[in-house]
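These notes concern the structure reproduced below.
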Number of protein chains: 4
Amino acid sequence: MQARTPLLPWQPEHGKRDAILTSAYNTFAEFGYANTKIETIAERAGVGKGTVYLYFKNKNDLFRQMIQELIDWHLSILREQITGPHSALDRLRTLLRVHLTMLAGRTYPFHLHGRDIGHVDDELYLWLREQKQRFLEDLRQLIEEGIAEGAFRTVSPRLAALWLFATLNVTLIDDAALSTEQVAGLIELVEHGLRASNEEHPTPIAG
Amino acid sequence: MQARTPLLPWQPEHGKRDAILTSAYNTFAEFGYANTKIETIAERAGVGKGTVYLYFKNKNDLFRQMIQELIDWHLSILREQITGPHSALDRLRTLLRVHLTMLAGRTYPFHLHGRDIGHVDDELYLWLREQKQRFLEDLRQLIEEGIAEGAFRTVSPRLAALWLFATLNVTLIDDAALSTEQVAGLIELVEHGLRASNEEHPTPIAG
Amino acid sequence: MQARTPLLPWQPEHGKRDAILTSAYNTFAEFGYANTKIETIAERAGVGKGTVYLYFKNKNDLFRQMIQELIDWHLSILREQITGPHSALDRLRTLLRVHLTMLAGRTYPFHLHGRDIGHVDDELYLWLREQKQRFLEDLRQLIEEGIAEGAFRTVSPRLAALWLFATLNVTLIDDAALSTEQVAGLIELVEHGLRASNEEHPTPIAG
Amino acid sequence: MQARTPLLPWQPEHGKRDAILTSAYNTFAEFGYANTKIETIAERAGVGKGTVYLYFKNKNDLFRQMIQELIDWHLSILREQITGPHSALDRLRTLLRVHLTMLAGRTYPFHLHGRDIGHVDDELYLWLREQKQRFLEDLRQLIEEGIAEGAFRTVSPRLAALWLFATLNVTLIDDAALSTEQVAGLIELVEHGLRASNEEHPTPIAG
DNA sequence: AATGAATGAGGCTTCATTCAT
DNA sequence: AATGAATGAAGCCTCATTCAT
């Protein structure tokens with residue numbers, strides 16, 4: 001169903017900039033920032049070392065732009081799920097499923113909250129903080145709507161948002177991707193944590 | 001209650017090795033691995049640069065030992081909670097509270113599952129994987145016991161363990177430490193996710 | 001009188017080659033050889049980077065040709081003064097006035113003797129040596145003629161030529177151009193250094 | 001007589017800093033700034049490449065400090081001659097002789113007024129301007145004193161100072177050092193330029 | 001003829017590591 | 001055991017030059 005969602009926001013065949021960003025993503029993911037050489041990124045992108053510097057000011061700049069475009073793209077997809085026309089519960093389910101499916105198909109090297117990559121660059125660090133806060137706001141609103149709809153218990157929306165955010169990182173724990181059943185099970189656990197107790201028998205997920 | 005748990009496993013006044021490890025912890029946390037200079041660690045530890053090499057083979061070795069001792073110490077404290085004599089639910093509650101309290105008091109720079117620090121060193125990466133798996137096993141067992149006790153719903157114990165693990169990282173999302181109320185709220189959310197539906201009114205946490 | 005002497009031997013409107021040489025002159029003068037980029041020269045000349053290589057083999061070649069044409073042009077103008085039909089004293093006066101006036105109108109970045117620019121290129125270095133020697137010869141001859149005419153004291157013509165040459169560089173010392181009075185004063189100093197002592201009352205300079 | 005004046009202000013055997021500065025002087029003089037590699041300076045100084053960076057922030061800093069210490073040292077020696085107790089004429093003679101002798105013994109790569117090296121570094125450029133102005137002031141004063149003493153004609157002191165300064169650079173024109181006779185002849189030319197006309201028969205220079 | 005995107009050789013600089021004291 | 005001056009491998013980045021259009 002989500003199979004058609006591309007794994008990354010860039011298409012190497014769309015030009016050298018995209019080729020470099022794709023290569024940068026894979027190389028940084030494989031070796032980490034410090035152990036990645038610009039030369040390696042260039043080689044894998046099929047361009048010369050100097051070409052990287054035609055599109056990016058320096059290594060930091062390349063990294064920052066790569067992360068920003070990746071996160072932007074990822075969050076925009078998630079946001080579509082959060083703000084759709086469906087019930088809060090349905091949107092929560094889809095949010096989790098889409099997110100986990102997107103991560104399942106590849107090595108996702110970077111935590112969404114970016115503490116580990118924030119060291120690289122103050123500008124990026126602050127940008128990530130802001131994105132995180134914005135996304136936490138979206139999650140909070142989703143939960144508030146769920147509460148208003150009577151689907152969720154009366155929990156602290158902000159706290160539940162944090163907790164949801166943490167859960168989203170679950171894939172990062174195991175290197176193996178979650179199976180469809182595991183994703184369903186995870187959604188069920190989260191639902192249970194939030195669901196109003198009178199709603200004993202939730203409608204089936206794919207309803 | 002947990003206030004007396006020291007924040008770190010080392011005591012600078014216990015000798016140069018501990019001083020170096022404490023300094024290493026703080027410096028790596030502040031700057032990240034790549035941006036941390038041995039000289040800075042030595043300075044902050046109040047020793048000469050060469051002295052670091054009397055206790056550690058190289059920068060990697062220092063980092064690895066620091067992380068390993070930190071994680072070992074941290075997990076051993078958590079393990080005490082998991083394997084105690086109390087009910088599975090109580091142990092779960094204490095586990096979460098102790099973990100979150102330990103992290104609350106300081107900047108915790110490293111994810112327990114260590115994807116971000118695994119880049120540094122294959123040996124450390126594999127060690128962290130193993131620790132993670134062992135701890136996931138422990139969590140799985142806790143959940144199985146909870147199911148056996150009738151306190152938890154019949155969920156996939158392995159999956160729930162993963163989910164718990166993810167939740168443990170919640171503090172890393174926000175830079176601000178969680179308040180006591182927030183910790184309680186978080187525990188409540190997790191409990192709700194796991195709790196057998198007939199157990200509507202759980203016994204108070206501290207008994 | 002010399003106001004109509006153009007400042008540089010090239011006219012940008014005479015074609016791309018002249019435009020590039022003018023731009024090269026200004027840019028090398030502003031930034032020095034090492035800090036000057038071909039791209040900057042091309043931009044200022046209003047041509048593409050590749051176009052420079054249609055007219056010049058490489059950066060060194062561009063620099064060399066620029067210097068050579070500049071010096072050639074400059075010395076040929078000076079030489080006209082030296083070898084004219086007037087008396088040695090008059091020719092000396094005019095030589096100094098013309099030279100100083102030419103330099104006064106612009107930033108003259110390159111010493112005539114070229115020690116500082118000789119580093120760039122052995123070929124240019126040797127060429128400059130030769131030009132220098134040739135010009136010193138001309139100066140020597142002028143002085144010899146002055147001695148023969150009885151206008152100058154019996155000095156070492158070669159040494160006096162060196163000394164004259166050094167004096168020609170006086171403008172390079174101060175960034176500010178010399179005023180007409182200063183030029184006259186300078187000429188007067190040089191004359192005094194050379195003049196036969198019996199010629200107490202020289203004819204006024206501007207005659 | 002001046003043979004005992006060391007050629008350079010540094011003594012390689014006085015430590016690595018002096019060894020590096022001496023090597024830097026010789027290497028920059030030989031190849032020019034842009035064509036000089038830090039590695040070459042280090043090799044010739046008999047130290048490792050990294051050692052240079054223990055004493056100097058970077059290549060520019062090394063160059064700047066080298067020039068400044070060289071000029072400082074050189075000018076301080078000249079200044080001693082200018083401000084001595086002797087007559088203005090004697091001091092002028094000694095000034096020229098000392099300066100020319102100092103330069104005679106070696107390749108002097110850098111013009112005192114530093115237009116050619118100013119491109120390297122703005123800080124250095126401004127510093128050189130200031131030194132130049134200060135030294136021109138000293139020369140001006142010497143000339144004023146000579147006028148007051150009746151030894152010099154009534155010339156513009158500032159202009160004559162500029163002219164003297166230019167003459168000091170005479171050695172830079174020819175690569176060959178001036179002989180003792182040439183130095184004497186040069187001094188004589190300068191004297192003639194300045195001397196009060198009633199002083200027809202000066203005492204012979206070399207006595 | 002004219003262009004400018006692409007390249008990669010070359011050099012500055014950092015910093016982990018060594019070792020003489 | 002403790003030190004820190006010295007080292008040089010490694011990698012980022014610049015920019016002269018090329019070449020397809």
Side-chain angles (χ1 to χ4, degrees), chain A residues 15-17 19-20 33-43 45-63, chain B residues 15-17 19-20 33-43 45-63, chain C residues 15-17 20 33-43 45-63, chain D residues 15-17 19-20 31 33-43 45-63:
Chain A
K16 297 206 193 284
R17 190 176 183 279
I20 292 167
Y33 181 82
N35 297 324
T36 293
K37 287 180 269 186
I38 290 287
E39 192 168 11
T40 307
I41 292 175
E43 270 170 18
V47 301
K49 206 188 336 174
T51 307
V52 174
Y53 291 88
L54 293 182
Y55 295 93
F56 304 94
K57 211 163 38 156
N58 50 37
K59 188 179 176 183
N60 242 329
D61 185 51
L62 168 57
F63 186 75
Chain B
K16 295 199 194 275
R17 190 176 182 281
I20 292 167
Y33 181 81
N35 297 324
T36 292
K37 294 183 244 183
I38 290 288
E39 190 167 14
T40 308
I41 293 175
E43 268 171 18
V47 301
K49 208 189 326 182
T51 308
V52 173
Y53 288 86
L54 294 178
Y55 294 92
F56 303 94
K57 207 161 43 145
N58 51 37
K59 187 180 177 182
N60 241 329
D61 185 52
L62 167 57
F63 185 74
Chain C
K16 295 200 194 275
R17 188 175 184 281
I20 291 167
Y33 182 82
N35 297 324
T36 291
K37 293 184 245 183
I38 290 288
E39 191 167 14
T40 308
I41 292 175
E43 268 170 19
V47 302
K49 207 189 327 182
T51 307
V52 174
Y53 287 86
L54 295 178
Y55 294 91
F56 303 94
K57 207 162 42 142
N58 51 37
K59 187 181 177 182
N60 242 330
D61 185 52
L62 167 57
F63 186 74
Chain D
K16 296 203 193 286
R17 190 176 182 280
I20 292 167
F31 301 112
Y33 182 82
N35 297 323
T36 292
K37 287 181 268 188
I38 290 287
E39 192 167 11
T40 307
I41 293 175
E43 270 170 18
V47 302
K49 204 185 339 175
T51 306
V52 174
Y53 290 87
L54 292 182
Y55 295 92
F56 304 95
K57 212 164 40 161
N58 51 38
K59 188 180 175 182
N60 241 329
D61 186 51
L62 168 57
F63 186 74

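Reminder, nothing fancy here: chain letters follow the sequence lines and each chain counts from 1.
For Ile41(D) and dG11(E), the CD1 to C1' distance is 12 Å, given to the nearest whole Å. Counting to the nearest Å, the P atom of dA16(E) and the CD1 atom of Ile38(B) are 6 Å from each other. Protein atom CD1 of Ile20(C) is 12 Å distant from nucleotide atom P of dA1(E), rounded to whole Å. Rounded to whole angstrom, the span from the CZ atom of Arg17(A) across to the P atom of dA6(E) amounts to 13 Å. As rounded to whole Å, 18 Å separates atom P of dG11(E) from atom CZ of Phe63(D). Tyr33(D) has its OH atom 14 Å from the P atom of dG11(E), to the nearest Å. The distance between atom CD of Glu39(C) and atom P of dC15(F), rounded to the nearest whole Å, is 10 Å. Here dT7(E) presents its C1' atom at 13 Å from CD of Glu43(A), a figure rounded to the nearest Å.
Taking a 4.0 Å limit (strictly below) on heavy-atom distances, residues 46-57 of chain D reaches DNA chain F at Val47(D), Gly48(D), Lys49(D), Gly50(D), Thr51(D), Leu54(D), Tyr55(D).
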Can you run through DNA chain F from 5' to 3' and write each base as (, ), [, ], | or . depending on how it pairs? Watson-Crick or G-U wobble, both distances under 3.5 Å.
.||||||||||||||||||||

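Place Lys37(A) and Lys59(C) on DNA chain F by their nearest nucleotides, and Lys37(A) ends up nearer the 5' end. Mapping Asn58(C) and Lys16(D) onto DNA chain F via the closest heavy atom, the residue that lands nearer the 5' end is Lys16(D).
Every residue meeting the side chain to side chain contact (heavy atoms under 4.5 Å, CB included) condition with Ala45(A), not counting sequence neighbours, appears here in chain and number order: Ala19(A), Ile20(A), Ser23(A), Val47(A).
Heavy atoms of Thr40(D) sit nowhere under 4.0 angstrom from any nucleic acid atom.
Figure legend: cation-pi geometry between Lys59(A) and Tyr33(A), with NZ or CZ positioned under 6.0 Å from the six-membered ring centre and within 45° of its axis.
Screening Asp61(C), Ile38(C), Leu62(C) against Tyr53(C) for a side-chain contact (heavy atoms from CB on, under 4.5 Å) leaves a single residue, Ile38(C).
One finds the OG1 atom of Thr51(D) at 11.0 Å from the NZ atom of Lys49(D) (value rounded to the nearest 0.5 Å).
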